[in-house]
*Asks:* 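To start, I am sharing the structure in question, which I have written as structure tokens.
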Amino acid sequence: MKIAIASDHGGTNLRAEIIGLLKELTLSYEDFGCECDSSVDYPDYALPLAKRVAKGEFDRGILICGTGIGMSIAANKVKGVRCALVHDVFSAKATRQHNDTNVLAMGERVIGPGLAIEIVRTWLDEEFEGGRHAGRIGKISAYEDQEA
Ligand code: RB5
């Protein structure tokens, strides 16, 4: 599994923790930054990552900002991206099983690294259940096609 990860200045510490986990799991990843001491704009990091996931260059993406909200809003503007803002393990599991999310957003100012690592482990492990959920995702894809 190939993973892309990025954060703004509000998520650099948690991004480093998650990269540590990816290394521990020996997963292939690319770090999209930011290399920032000062304030940057989260869409500048969310959109390039989301586009590369949508193109199929990465299987999954992980985005971190202060709240995770800006990153998730931006990523979900990219056709083919299903990004979930997750701060609990139950939702991490459900959003893979039901929504087949390909991008995960979290907020460094919202949760601690221990919980974030459990969320990422769960989200990477869980499979999409398909069935009735596939039909629902299909409706979102059809809407995206109609808008394009
Ligand atoms: C940056 O201050 C903050 O707004 C950003 O990290 C994020 O929380 C936006 O949604």
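When a ligand or atom number is given, it counts from 1 through the structure's own listing order.
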*Asks:* For ligand 1, find out whether one of its N or O atoms is nearer than 3.5 Å to an N or O atom of T67.
*Replies:*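 N/O-N/O distance below 3.5 Å exists for this pair.
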*Asks:* Taking distance alone, with no angle check, do G66 and ligand 1 share an N/O pair under 3.5 Å?
*Replies:*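 Between G66 and ligand 1 (N or O atoms, distance only) the closest approach is under 3.5 Å.
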*Asks:* L124 versus L22: any side-chain heavy-atom pair under 4.5 Å?
*Replies:*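 In contact.
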*Asks:* For the residue pair F58 and F32, does the interplanar ring angle fall in the parallel (under 30°), tilted (30 to 60°) or perpendicular (over 60°) class?
*Replies:*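 Perpendicular.
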*Asks:* Identify, by atom number and element, the atoms of ligand 1 in contact range of D8, meaning under 4.0 Å from any of its heavy atoms.
*Replies:*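 Checking each atom against D8, I get 5 (C), 6 (O).
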*Asks:* Within the structure, is a non-hydrogen atom of H9 found at a distance of less than 4.0 Å from ligand 1?
*Replies:*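 In this structure, H9 qualifies as a contact of ligand 1 - some heavy atom is under 4.0 Å.
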*Asks:* May I ask you to say whether K79 pairs ionically with D145, meaning some side-chain N is under 4.0 Å from a carboxylate O?
*Replies:*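 The answer is yes: the pair qualifies as a salt bridge.
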*Asks:* Name the closest protein heavy atom to atom 7 (C) of ligand 1, giving the residue it belongs to and the distance to 0.1 Å.
*Replies:*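 Its nearest protein heavy-atom neighbour is C65 SG, 3.3 Å.
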*Asks:* Any nitrogen or oxygen of G70, side chain or backbone, less than 3.5 Å from one on ligand 1?
*Replies:*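 So ligand 1 has an N or O lying under 3.5 Å from an N or O of G70.
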*Asks:* Looking at atom 4 (O) of ligand 1, is any protein heavy atom nearer than 4.0 Å to it?
*Replies:*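 Looking at atom 4 (O) of ligand 1, one finds that no protein heavy atom lies closer than 4.0 Å.
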*Asks:* Would you say R60 and M1 make side-chain contact, with heavy atoms under 4.5 Å?
*Replies:*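 Of all side-chain heavy-atom pairs linking M1 with R60, at least one is under 4.5 Å.
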*Asks:* Mind checking whether R109 has a heavy atom under 4.0 Å from ligand 1?
*Replies:*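 Per 4.0 Å heavy-atom rule, R109 contacts ligand 1.
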*Asks:* Between D31 and R15, does at least one N-O distance fall below 4.0 Å, as a salt bridge requires?
*Replies:*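 Salt bridge between D31 and R15, a charged N being under 4.0 Å from a carboxylate O: yes.
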*Asks:* Which pair of non-hydrogen atoms, one from A54 and one from V78, has the smallest distance, and what is that distance?
*Replies:*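 Heavy atoms of A54 and V78 come nearest at CB-CG1, 3.9 Å.
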